[in-house]
Amino acid sequence: MRKPVVAIVGRPNVGKSTIFNRLVGERISIVEDKPGVTRDRVYAQAEWLTVLFDLIDTGGISMGDEPLLDLVRQQAEIAIDEADVIIFLLNGREGITSADEAVAKILFKSKKPVVLGVNKIDNPEMRNEIYEYYALGFGEPYPISGAHGLGLGDLLDDVVKHFPSFDETDEDDETIHFSLIGRPNVGKSSLVNALLNEERVIVSDIEGTTRDAVDTRLDRDGQSYVIIDTAGMRKKGKVYEATEKYSVLRALKAIERSDVVLVLIDAETGIREQDKRIAGYAHDAGRAVIIVVNKWDTVDSNEKAMKSFEENIRTHFQFLDYAPIVFLSAKTKKRIHTLLPEIRMASDNHAKRVPTNVLNDVIMDAIALNPTTTFKGKRLKILYATQVAVKPPSFVIFVNDPELLHFSYKRFLENKIREAFGFVGTPINLFARKRQ
Ligand code: GDP
Ligand code: GDP
(Lines give C-alpha, C1' and ligand atoms only; values in the text may rest on other atoms or scores of the structure.)
(Ligands and ions follow the chains in the order given, each with its own letter.)
Protein backbone atom coordinates (compact mmCIF):
# COMPACT_ATOMS: atom_id res chain seq x y z
CA MET A 1 0.00 0.00 0.00
CA ARG A 2 1.13 3.51 -0.69
CA LYS A 3 2.24 5.54 2.31
CA PRO A 4 2.10 9.33 2.39
CA VAL A 5 5.39 11.01 1.58
CA VAL A 6 6.67 14.10 3.35
CA ALA A 7 9.65 16.11 2.13
CA ILE A 8 11.69 18.66 4.04
CA VAL A 9 12.96 21.61 2.03
CA GLY A 10 14.84 24.72 2.96
CA ARG A 11 18.20 26.45 2.58
CA PRO A 12 21.40 24.72 3.66
CA ASN A 13 21.99 24.83 7.43
CA VAL A 14 18.43 25.58 8.47
CA GLY A 15 18.39 22.18 10.18
CA LYS A 16 16.80 19.79 7.67
CA SER A 17 18.94 16.79 8.48
CA THR A 18 18.67 17.45 12.21
CA ILE A 19 14.88 17.36 11.96
CA PHE A 20 14.97 14.37 9.61
CA ASN A 21 17.04 12.35 12.05
CA ARG A 22 14.84 13.32 14.92
CA LEU A 23 11.66 12.30 13.15
CA VAL A 24 13.09 9.10 11.82
CA GLY A 25 14.70 8.24 15.15
CA GLU A 26 15.74 4.67 15.39
CA ARG A 27 13.14 3.39 13.02
CA ILE A 28 15.57 2.71 10.26
CA SER A 29 14.60 -0.11 7.99
CA ILE A 30 17.30 -2.58 6.99
CA VAL A 31 17.18 -1.15 3.51
CA GLU A 32 19.05 1.87 4.70
CA ASP A 33 21.78 -0.21 6.22
CA LYS A 34 23.79 -0.04 3.02
CA PRO A 35 26.83 1.86 1.96
CA GLY A 36 25.89 5.14 0.40
CA VAL A 37 22.67 5.47 2.29
CA THR A 38 23.74 4.91 5.88
CA ARG A 39 26.11 7.80 6.04
CA ASP A 40 23.72 10.18 4.54
CA ARG A 41 20.20 8.92 4.54
CA VAL A 42 17.72 10.84 2.48
CA TYR A 43 14.71 8.56 2.69
CA ALA A 44 13.29 6.72 5.66
CA GLN A 45 10.11 5.71 7.36
CA ALA A 46 8.74 7.84 10.17
CA GLU A 47 5.69 7.66 12.39
CA TRP A 48 3.48 10.16 14.15
CA LEU A 49 0.67 8.98 16.42
CA THR A 50 0.55 5.58 14.72
CA VAL A 51 0.42 7.11 11.24
CA LEU A 52 3.28 5.83 9.11
CA PHE A 53 4.79 7.96 6.41
CA ASP A 54 7.98 8.24 4.38
CA LEU A 55 10.23 11.18 4.94
CA ILE A 56 12.66 12.72 2.45
CA ASP A 57 15.49 15.05 3.32
CA THR A 58 15.94 16.94 0.07
CA GLY A 59 19.11 18.48 1.45
CA GLY A 60 20.78 15.09 1.30
CA ILE A 61 20.34 14.86 -2.44
CA SER A 62 23.49 16.65 -3.41
CA MET A 63 23.74 18.16 -6.83
CA GLY A 64 27.35 19.16 -6.80
CA ASP A 65 28.45 22.76 -6.59
CA GLU A 66 25.50 24.73 -7.84
CA PRO A 67 24.87 28.29 -6.78
CA LEU A 68 22.61 28.44 -3.74
CA LEU A 69 19.55 29.55 -5.65
CA ASP A 70 19.74 26.70 -8.17
CA LEU A 71 20.26 24.23 -5.38
CA VAL A 72 17.24 25.25 -3.33
CA ARG A 73 15.09 25.48 -6.45
CA GLN A 74 15.98 21.94 -7.47
CA GLN A 75 15.33 20.65 -4.00
CA ALA A 76 11.95 22.35 -3.98
CA GLU A 77 11.14 20.70 -7.30
CA ILE A 78 12.12 17.29 -5.99
CA ALA A 79 9.84 17.84 -3.02
CA ILE A 80 6.98 18.83 -5.31
CA ASP A 81 7.57 15.78 -7.52
CA GLU A 82 7.88 13.29 -4.71
CA ALA A 83 5.89 14.42 -1.72
CA ASP A 84 2.27 14.67 -0.63
CA VAL A 85 3.08 17.26 2.01
CA ILE A 86 6.08 19.57 2.21
CA ILE A 87 7.71 20.86 5.37
CA PHE A 88 9.28 24.19 4.46
CA LEU A 89 11.97 24.82 7.00
CA LEU A 90 13.34 28.25 7.88
CA ASN A 91 15.99 29.50 10.23
CA GLY A 92 14.18 31.50 12.90
CA ARG A 93 17.35 33.38 13.72
CA GLU A 94 17.92 34.77 10.26
CA GLY A 95 14.55 35.97 9.07
CA ILE A 96 13.36 35.47 5.50
CA THR A 97 16.15 35.55 2.95
CA SER A 98 15.89 35.89 -0.82
CA ALA A 99 16.58 32.16 -1.20
CA ASP A 100 13.64 31.45 1.12
CA GLU A 101 11.47 33.68 -1.04
CA ALA A 102 12.55 31.83 -4.17
CA VAL A 103 11.60 28.50 -2.58
CA ALA A 104 8.30 29.94 -1.38
CA LYS A 105 7.41 31.03 -4.89
CA ILE A 106 8.00 27.59 -6.37
CA LEU A 107 6.13 25.81 -3.59
CA PHE A 108 3.25 28.23 -3.80
CA LYS A 109 2.80 27.62 -7.52
CA SER A 110 2.73 23.85 -7.03
CA LYS A 111 -0.37 24.04 -4.82
CA LYS A 112 1.01 21.18 -2.71
CA PRO A 113 0.22 21.40 1.00
CA VAL A 114 3.06 23.22 2.75
CA VAL A 115 3.64 23.38 6.49
CA LEU A 116 6.06 26.02 7.76
CA GLY A 117 8.62 25.10 10.37
CA VAL A 118 10.64 27.90 11.90
CA ASN A 119 13.66 26.18 13.36
CA LYS A 120 16.25 27.04 15.99
CA ILE A 121 13.64 28.51 18.31
CA ASP A 122 15.38 26.94 21.26
CA ASN A 123 13.60 28.76 24.06
CA PRO A 124 10.04 29.95 24.64
CA GLU A 125 10.89 33.68 24.66
CA MET A 126 11.88 33.42 21.03
CA ARG A 127 8.43 32.22 20.03
CA ASN A 128 7.18 35.77 19.75
CA GLU A 129 9.64 36.54 17.01
CA ILE A 130 8.19 34.30 14.39
CA TYR A 131 5.27 36.38 13.16
CA GLU A 132 7.11 37.75 10.18
CA TYR A 133 6.93 34.25 8.66
CA TYR A 134 3.18 34.63 8.12
CA ALA A 135 4.18 36.86 5.21
CA LEU A 136 5.22 33.80 3.21
CA GLY A 137 1.56 32.95 2.72
CA PHE A 138 1.55 29.38 3.97
CA GLY A 139 -0.49 30.01 7.08
CA GLU A 140 0.68 29.48 10.61
CA PRO A 141 4.44 29.13 11.14
CA TYR A 142 5.38 26.51 13.75
CA PRO A 143 8.21 27.45 16.09
CA ILE A 144 10.43 24.39 16.54
CA SER A 145 13.83 23.37 17.74
CA GLY A 146 15.31 20.39 15.95
CA ALA A 147 18.27 20.41 18.27
CA HIS A 148 16.11 20.14 21.38
CA GLY A 149 13.11 18.37 19.89
CA LEU A 150 10.66 21.17 20.72
CA GLY A 151 7.45 22.00 18.89
CA LEU A 152 7.64 19.05 16.51
CA GLY A 153 4.34 17.60 17.72
CA ASP A 154 2.29 20.61 16.66
CA LEU A 155 4.07 20.72 13.33
CA LEU A 156 3.40 17.04 12.69
CA ASP A 157 -0.25 17.32 13.73
CA ASP A 158 -0.64 19.80 10.91
CA VAL A 159 1.37 17.69 8.45
CA VAL A 160 -0.73 14.60 9.11
CA LYS A 161 -3.95 16.58 8.55
CA HIS A 162 -2.90 17.14 4.95
CA PHE A 163 -2.32 13.48 4.12
CA PRO A 164 -4.38 12.36 1.15
CA SER A 165 -6.61 9.37 1.57
CA PHE A 166 -5.56 6.76 -0.90
CA ASP A 167 -8.09 5.02 -3.04
CA GLU A 168 -7.76 1.40 -2.11
CA THR A 169 -9.98 -0.01 -4.82
CA ASP A 170 -7.05 -1.01 -6.98
CA GLU A 171 -4.97 -2.27 -4.11
CA ASP A 172 -6.68 -5.62 -3.95
CA ASP A 173 -4.67 -8.74 -3.31
CA GLU A 174 -5.13 -10.10 -6.78
CA THR A 175 -3.35 -7.27 -8.54
CA ILE A 176 0.39 -7.69 -8.93
CA HIS A 177 2.35 -4.52 -8.32
CA PHE A 178 5.75 -4.37 -9.89
CA SER A 179 8.47 -1.86 -10.54
CA LEU A 180 11.61 -1.55 -12.64
CA ILE A 181 14.84 -0.41 -11.08
CA GLY A 182 18.32 0.06 -12.45
CA ARG A 183 20.96 2.57 -13.36
CA PRO A 184 20.03 5.51 -15.55
CA ASN A 185 19.88 4.44 -19.20
CA VAL A 186 19.53 0.69 -18.67
CA GLY A 187 16.23 0.99 -20.49
CA LYS A 188 13.55 1.22 -17.80
CA SER A 189 11.30 3.58 -19.74
CA SER A 190 11.86 1.69 -22.97
CA LEU A 191 10.89 -1.58 -21.34
CA VAL A 192 7.76 -0.08 -19.80
CA ASN A 193 6.76 1.21 -23.20
CA ALA A 194 7.48 -2.13 -24.81
CA LEU A 195 5.30 -3.85 -22.22
CA LEU A 196 2.48 -1.38 -22.74
CA ASN A 197 2.59 -1.92 -26.47
CA GLU A 198 2.47 -5.65 -26.23
CA GLU A 199 -0.36 -7.00 -28.31
CA ARG A 200 -2.22 -8.96 -25.68
CA VAL A 201 -2.00 -6.26 -23.05
CA ILE A 202 -4.81 -3.86 -22.16
CA VAL A 203 -3.61 -0.63 -20.60
CA SER A 204 -5.31 1.94 -18.41
CA ASP A 205 -3.84 4.75 -16.37
CA ILE A 206 -4.79 4.99 -12.75
CA GLU A 207 -5.05 8.58 -11.72
CA GLY A 208 -3.29 8.98 -8.43
CA THR A 209 -4.36 11.35 -5.75
CA THR A 210 -1.43 13.58 -6.51
CA ARG A 211 -0.64 15.23 -9.78
CA ASP A 212 2.46 13.19 -10.49
CA ALA A 213 1.57 9.76 -9.27
CA VAL A 214 0.13 7.94 -12.21
CA ASP A 215 0.48 4.20 -12.01
CA THR A 216 -0.33 2.16 -15.04
CA ARG A 217 -2.58 -0.82 -14.99
CA LEU A 218 -2.19 -3.71 -17.39
CA ASP A 219 -4.36 -6.72 -17.91
CA ARG A 220 -3.20 -9.83 -19.61
CA ASP A 221 -4.60 -13.36 -19.61
CA GLY A 222 -7.02 -12.51 -16.84
CA GLN A 223 -4.36 -11.15 -14.52
CA SER A 224 -4.11 -7.50 -13.49
CA TYR A 225 -0.79 -5.80 -12.99
CA VAL A 226 0.16 -2.32 -11.89
CA ILE A 227 3.44 -0.79 -12.98
CA ILE A 228 4.52 1.53 -10.22
CA ASP A 229 5.90 4.93 -10.85
CA THR A 230 6.02 5.03 -14.59
CA ALA A 231 5.10 8.69 -14.31
CA GLY A 232 8.48 9.31 -12.77
CA MET A 233 10.12 7.34 -15.51
CA ARG A 234 8.29 9.10 -18.28
CA LYS A 235 8.99 12.54 -16.90
CA LYS A 236 12.55 13.13 -17.90
CA GLY A 237 15.04 15.82 -18.44
CA LYS A 238 15.16 17.39 -15.00
CA VAL A 239 18.64 18.24 -13.83
CA TYR A 240 18.47 16.08 -10.75
CA GLU A 241 17.27 12.99 -12.60
CA ALA A 242 20.83 11.88 -13.16
CA THR A 243 22.12 12.12 -9.60
CA GLU A 244 22.63 8.81 -7.88
CA LYS A 245 20.95 9.82 -4.61
CA TYR A 246 17.85 10.69 -6.54
CA SER A 247 17.76 7.37 -8.37
CA VAL A 248 18.19 5.59 -5.07
CA LEU A 249 15.32 7.57 -3.63
CA ARG A 250 13.08 6.70 -6.55
CA ALA A 251 14.09 3.07 -6.37
CA LEU A 252 13.38 2.77 -2.63
CA LYS A 253 10.05 4.45 -3.08
CA ALA A 254 9.01 2.13 -5.89
CA ILE A 255 10.32 -1.03 -4.21
CA GLU A 256 8.31 -0.30 -1.13
CA ARG A 257 5.03 -0.57 -3.03
CA SER A 258 6.00 -3.56 -5.16
CA ASP A 259 5.35 -7.28 -4.97
CA VAL A 260 7.90 -7.94 -7.67
CA VAL A 261 10.93 -5.87 -8.60
CA LEU A 262 12.63 -6.12 -11.97
CA VAL A 263 16.31 -5.38 -11.64
CA LEU A 264 17.53 -4.21 -15.02
CA ILE A 265 21.06 -4.84 -16.22
CA ASP A 266 22.49 -3.36 -19.40
CA ALA A 267 23.90 -6.11 -21.63
CA GLU A 268 25.84 -3.55 -23.61
CA THR A 269 27.83 -2.09 -20.72
CA GLY A 270 27.83 -5.19 -18.51
CA ILE A 271 27.48 -5.34 -14.74
CA ARG A 272 28.55 -2.33 -12.70
CA GLU A 273 29.03 -1.78 -8.98
CA GLN A 274 25.94 0.43 -8.89
CA ASP A 275 23.81 -2.45 -10.22
CA LYS A 276 24.66 -4.54 -7.19
CA ARG A 277 23.77 -1.79 -4.79
CA ILE A 278 20.43 -1.19 -6.48
CA ALA A 279 19.65 -4.93 -6.54
CA GLY A 280 20.53 -5.06 -2.83
CA TYR A 281 17.68 -2.68 -2.01
CA ALA A 282 15.12 -5.03 -3.57
CA HIS A 283 16.58 -8.05 -1.82
CA ASP A 284 16.71 -6.34 1.58
CA ALA A 285 13.11 -5.24 1.25
CA GLY A 286 12.09 -8.88 0.86
CA ARG A 287 10.46 -8.45 -2.51
CA ALA A 288 10.32 -11.00 -5.30
CA VAL A 289 13.07 -10.24 -7.81
CA ILE A 290 13.62 -10.92 -11.49
CA ILE A 291 16.89 -9.98 -13.13
CA VAL A 292 16.28 -8.57 -16.58
CA VAL A 293 19.21 -8.31 -18.95
CA ASN A 294 18.10 -5.64 -21.40
CA LYS A 295 19.65 -4.57 -24.73
CA TRP A 296 20.35 -8.20 -25.56
CA ASP A 297 20.15 -7.10 -29.22
CA THR A 298 23.54 -5.46 -28.82
CA VAL A 299 25.19 -8.75 -27.92
CA ASP A 300 26.18 -11.38 -30.41
CA SER A 301 23.42 -13.54 -29.11
CA ASN A 302 23.96 -17.27 -28.87
CA GLU A 303 23.62 -19.95 -26.22
CA LYS A 304 27.22 -19.55 -25.15
CA ALA A 305 27.02 -15.79 -24.70
CA MET A 306 23.89 -16.20 -22.63
CA LYS A 307 25.47 -18.88 -20.45
CA SER A 308 28.53 -16.81 -19.82
CA PHE A 309 26.49 -13.69 -19.01
CA GLU A 310 24.38 -15.74 -16.67
CA GLU A 311 27.43 -17.10 -14.86
CA ASN A 312 28.72 -13.58 -14.53
CA ILE A 313 25.45 -12.47 -12.95
CA ARG A 314 25.40 -15.41 -10.54
CA THR A 315 28.92 -14.56 -9.41
CA HIS A 316 28.15 -10.89 -8.86
CA PHE A 317 24.66 -11.29 -7.41
CA GLN A 318 25.05 -14.26 -5.10
CA PHE A 319 22.45 -12.85 -2.74
CA LEU A 320 19.90 -13.07 -5.56
CA ASP A 321 20.41 -16.76 -6.30
CA TYR A 322 16.63 -17.23 -6.29
CA ALA A 323 15.99 -14.63 -8.99
CA PRO A 324 15.28 -15.88 -12.51
CA ILE A 325 17.16 -14.16 -15.31
CA VAL A 326 15.41 -12.96 -18.45
CA PHE A 327 17.36 -11.84 -21.49
CA LEU A 328 15.43 -9.47 -23.70
CA SER A 329 15.49 -6.35 -25.79
CA ALA A 330 13.12 -3.48 -25.19
CA LYS A 331 14.15 -2.15 -28.58
CA THR A 332 13.50 -5.18 -30.79
CA LYS A 333 10.83 -6.55 -28.38
CA LYS A 334 12.58 -9.88 -28.34
CA ARG A 335 11.24 -12.08 -25.51
CA ILE A 336 9.18 -9.20 -24.09
CA HIS A 337 6.15 -11.50 -24.01
CA THR A 338 7.88 -13.81 -21.51
CA LEU A 339 8.14 -11.11 -18.88
CA LEU A 340 4.59 -10.84 -17.51
CA PRO A 341 4.22 -14.61 -17.03
CA GLU A 342 7.56 -14.58 -15.22
CA ILE A 343 6.36 -11.73 -12.97
CA ARG A 344 3.18 -13.65 -12.23
CA MET A 345 5.12 -16.76 -11.28
CA ALA A 346 7.45 -14.82 -8.97
CA SER A 347 4.50 -13.05 -7.37
CA ASP A 348 2.63 -16.32 -6.80
CA ASN A 349 5.68 -17.77 -5.09
CA HIS A 350 6.16 -14.63 -3.01
CA ALA A 351 2.64 -15.01 -1.63
CA LYS A 352 2.64 -18.80 -1.40
CA ARG A 353 1.50 -20.61 1.73
CA VAL A 354 2.49 -24.22 2.18
CA PRO A 355 0.60 -26.78 4.26
CA THR A 356 2.17 -27.38 7.66
CA ASN A 357 2.09 -31.16 7.42
CA VAL A 358 3.85 -31.16 4.06
CA LEU A 359 6.41 -28.67 5.37
CA ASN A 360 7.15 -30.94 8.31
CA ASP A 361 7.51 -33.97 6.03
CA VAL A 362 10.03 -32.04 3.98
CA ILE A 363 12.01 -31.01 7.06
CA MET A 364 11.99 -34.54 8.49
CA ASP A 365 13.14 -36.00 5.15
CA ALA A 366 15.92 -33.42 5.07
CA ILE A 367 17.05 -34.40 8.54
CA ALA A 368 16.99 -38.09 7.62
CA LEU A 369 19.14 -37.34 4.59
CA ASN A 370 21.60 -35.17 6.43
CA PRO A 371 21.38 -35.64 10.20
CA THR A 372 22.04 -32.67 12.45
CA THR A 373 25.51 -32.58 13.92
CA THR A 374 26.63 -32.05 17.48
CA PHE A 375 28.15 -28.83 18.71
CA LYS A 376 29.94 -28.63 22.07
CA GLY A 377 28.58 -32.03 22.89
CA LYS A 378 24.98 -31.07 22.17
CA ARG A 379 22.91 -32.13 19.22
CA LEU A 380 20.44 -29.84 17.49
CA LYS A 381 16.93 -31.26 17.72
CA ILE A 382 14.34 -29.98 15.28
CA LEU A 383 10.88 -30.50 16.63
CA TYR A 384 8.46 -28.77 14.39
CA ALA A 385 8.25 -26.23 11.56
CA THR A 386 5.57 -23.81 10.50
CA GLN A 387 5.09 -20.99 8.01
CA VAL A 388 4.46 -17.73 9.83
CA ALA A 389 4.22 -15.21 6.99
CA VAL A 390 4.05 -14.59 3.26
CA LYS A 391 5.58 -11.85 1.09
CA PRO A 392 8.15 -13.22 1.53
CA PRO A 393 7.41 -16.72 2.79
CA SER A 394 8.83 -16.99 6.30
CA PHE A 395 9.23 -20.11 8.39
CA VAL A 396 9.94 -20.83 11.99
CA ILE A 397 11.53 -24.07 13.12
CA PHE A 398 11.22 -24.93 16.77
CA VAL A 399 14.40 -26.43 18.15
CA ASN A 400 15.93 -27.44 21.46
CA ASP A 401 18.55 -24.67 21.23
CA PRO A 402 18.74 -22.06 18.42
CA GLU A 403 22.47 -21.59 19.06
CA LEU A 404 23.06 -25.07 17.71
CA LEU A 405 21.68 -24.23 14.27
CA HIS A 406 24.78 -23.70 12.21
CA PHE A 407 24.60 -21.30 9.28
CA SER A 408 25.36 -24.04 6.77
CA TYR A 409 22.66 -26.30 8.16
CA LYS A 410 20.15 -23.49 8.03
CA ARG A 411 21.12 -22.94 4.44
CA PHE A 412 20.66 -26.66 3.76
CA LEU A 413 17.14 -26.57 5.18
CA GLU A 414 16.27 -23.47 3.20
CA ASN A 415 17.39 -25.20 0.03
CA LYS A 416 15.30 -28.25 0.83
CA ILE A 417 12.25 -26.03 1.35
CA ARG A 418 12.98 -24.33 -1.95
CA GLU A 419 13.38 -27.63 -3.76
CA ALA A 420 10.16 -28.97 -2.37
CA PHE A 421 7.93 -25.95 -2.93
CA GLY A 422 9.56 -24.16 -5.84
CA PHE A 423 10.04 -20.67 -4.46
CA VAL A 424 11.61 -19.37 -7.65
CA GLY A 425 11.87 -15.59 -7.68
CA THR A 426 11.28 -14.96 -4.00
CA PRO A 427 13.54 -14.75 -0.98
CA ILE A 428 12.48 -16.91 1.95
CA ASN A 429 13.22 -16.48 5.64
CA LEU A 430 13.94 -19.20 8.13
CA PHE A 431 14.10 -18.51 11.87
CA ALA A 432 14.89 -20.86 14.70
CA ARG A 433 13.05 -20.54 18.00
CA LYS A 434 13.52 -22.38 21.23
CA ARG A 435 10.52 -24.47 22.00
CA GLN A 436 8.84 -23.29 25.16
P1 GDP B 1 20.64 21.27 6.88
O2 GDP B 1 21.78 21.73 6.05
O3 GDP B 1 19.41 22.08 6.60
O4 GDP B 1 20.39 19.81 6.80
O5 GDP B 1 21.00 21.61 8.40
P6 GDP B 1 21.61 20.69 9.56
O7 GDP B 1 20.57 19.79 10.11
O8 GDP B 1 22.86 20.08 9.08
O9 GDP B 1 21.89 21.79 10.67
C10 GDP B 1 22.74 22.90 10.42
C11 GDP B 1 23.28 23.41 11.75
O12 GDP B 1 22.22 23.94 12.55
C13 GDP B 1 23.93 22.32 12.59
O14 GDP B 1 25.08 22.86 13.19
C15 GDP B 1 22.87 21.99 13.63
O16 GDP B 1 23.45 21.53 14.82
C17 GDP B 1 22.20 23.32 13.83
N18 GDP B 1 20.82 23.20 14.28
C19 GDP B 1 19.86 22.36 13.77
N20 GDP B 1 18.70 22.52 14.46
C21 GDP B 1 18.94 23.45 15.42
C22 GDP B 1 18.12 24.02 16.45
O23 GDP B 1 16.94 23.70 16.63
N24 GDP B 1 18.69 24.95 17.24
C25 GDP B 1 20.00 25.34 17.07
N26 GDP B 1 20.47 26.24 17.89
N27 GDP B 1 20.79 24.80 16.13
C28 GDP B 1 20.27 23.86 15.30
P1 GDP C 1 16.11 4.53 -18.47
O2 GDP C 1 16.95 5.72 -18.11
O3 GDP C 1 16.53 3.32 -17.67
O4 GDP C 1 14.65 4.77 -18.43
O5 GDP C 1 16.52 4.16 -19.98
P6 GDP C 1 15.76 4.50 -21.36
O7 GDP C 1 14.59 3.63 -21.53
O8 GDP C 1 15.58 5.95 -21.47
O9 GDP C 1 16.86 4.00 -22.40
C10 GDP C 1 18.16 4.55 -22.45
C11 GDP C 1 18.74 4.37 -23.84
O12 GDP C 1 18.90 2.97 -24.12
C13 GDP C 1 17.84 4.91 -24.94
O14 GDP C 1 18.66 5.54 -25.90
C15 GDP C 1 17.16 3.68 -25.50
O16 GDP C 1 16.80 3.84 -26.85
C17 GDP C 1 18.23 2.63 -25.33
N18 GDP C 1 17.66 1.29 -25.18
C19 GDP C 1 16.68 0.92 -24.33
N20 GDP C 1 16.41 -0.41 -24.47
C21 GDP C 1 17.23 -0.87 -25.44
C22 GDP C 1 17.44 -2.15 -26.05
O23 GDP C 1 16.80 -3.16 -25.72
N24 GDP C 1 18.41 -2.22 -27.00
C25 GDP C 1 19.14 -1.15 -27.39
N26 GDP C 1 20.06 -1.33 -28.33
N27 GDP C 1 18.97 0.06 -26.85
C28 GDP C 1 18.03 0.22 -25.89
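We use all heavy atoms of the structure for the numbers below, so side chains are in, but hydrogens, waters and symmetry mates are not. Please read these numbers as outputs of a predicted model, since none were measured by experiment. First listed ligand is number 1; within each ligand, the first listed atom is number 1.
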Quiz item: Is any NZ, NE, NH1 or NH2 atom of the basic residue among Lys391 and Asp259 found under 4.0 Å from an Asp or Glu carboxylate oxygen of the other?
Solution: yes

Practice problem: Flag this pair as yes if the NZ/CZ of Arg433 is under 6.0 angstrom from the six-membered ring centre of Phe431 and inside a 45 degree cone about the axis; otherwise no. | Solution: yes

Exercise. Decide whether an N or O pair under 3.5 Å exists between Leu191 and ligand 2.
Key: no

Self-check item: Residues, nucleotides or ligands: over 12 heavy atoms within 6.0 Å of Phe108 CZ
Solution: no

Quiz item: Going by distance only, is there an N or O of Trp296 that falls short of 3.5 Å from an N or O of ligand 2?
Solution: no

Self-check item: Lys253 to Tyr43, cation-pi by 6.0 Å centre distance and 45° axis angle
Solution: no

Quiz item: Which atoms of ligand 2 are found less than 4.0 Å from any heavy atom of Ser190?
Solution: 6 (P), 7 (O), 9 (O), 15 (C), 19 (C), 20 (N)

Self-check item: Any side-chain donor near an acceptor of the partner, Arg257 and Ser179, under 3.5 Å
Solution: no

Exercise. Give a yes-or-no answer on whether the side chains of Tyr225 and Asp219 include a donor-acceptor pair shorter than 3.5 Å.
Key: no

Quiz item: Should the heavy atoms of other residues, nucleotides or ligands under 6.0 Å from NZ of Lys334 be counted, would the total exceed 12?
Solution: no

Quiz prompt | Qualifying residues under ring pair (Phe, Tyr, Trp, His ring centres under 6.0 Å), relative to Phe53, sequence neighbours excluded | solution = Phe163

Quiz item: Can you check whether Pro184 has an N/O within less than 3.5 Å of an N/O in ligand 2?
Solution: no

Quiz prompt | Residues in the immediate environment of ligand 1 (any heavy atom closer than 4.0 angstrom) | solution = Arg11, Pro12, Asn13, Val14, Gly15, Lys16, Ser17, Thr18, Arg93, Asn119, Lys120, Asp122, Ser145, Gly146, Ala147

Quiz item: What atoms of ligand 2 come within less than 4.0 Å of a heavy atom belonging to Thr298?
Solution: 26 (N)

